[in-house]
Amino acid sequence: SVGVDLVFGEPEGFILPLKSLLSGKQPAVYVVREGRLALVPVKLLGQKQDLFICEGLLKPGETVVVGDPGLLLRLHPEEKVSPMFLRSAP
């Protein structure tokens, strides 16, 4: 047998790093709103390598928490945070 990926259109949504996704019954991501974590449920629309496309109550430009799954599972909604932004190497 041969595996085939069929694509019937381009999904529209947010493209996020796979390391931001909390898997489970209801996939979700943590975002930072007013210095606190908010858990936002998302609907997965597709995945490619280390990125995924989703839709949900996210806002363009919002800070999404990225980390290893073990770290994400230790976080809690409403927890106070100070975002750290990593810059890519020149």
Does atom CG of Leu51 have more than 12 heavy-atom neighbours from other groups under 6.0 Å away? yes
Other than Val66, what residues sit in its cluster of Ile, Leu, Val, Met, Phe, Trp and Tyr side chains whose heavy atoms are under 4.5 Å apart, directly or through others? none
Checking one residue: Phe52. Which other hydrophobic residues are in its cluster under the side-chain 4.5 Å linking rule? Phe14, Leu16, Leu18, Leu21, Val29, Val31, Val40, Val42, Leu44, Leu57, Leu58, Val64
How many angstroms lie between atom CD of Gln26 and atom CG of Leu39, to the nearest 0.5 angstrom? 9.0 Å
Show the atom names and distances, to 0.1 Å, of all donor-acceptor pairs under 3.5 Å that link a side chain in residues 67-84 to residues at least two apart or in another chain.
{"residue": "Asp68", "atom": "OD1", "partner": "Lys19", "partner atom": "NZ", "Å": "3.1"}
{"residue": "His76", "atom": "NE2", "partner": "Arg74", "partner atom": "O", "Å": "3.4"}
{"residue": "Glu79", "atom": "OE1", "partner": "His76", "partner atom": "N", "Å": "3.0"}

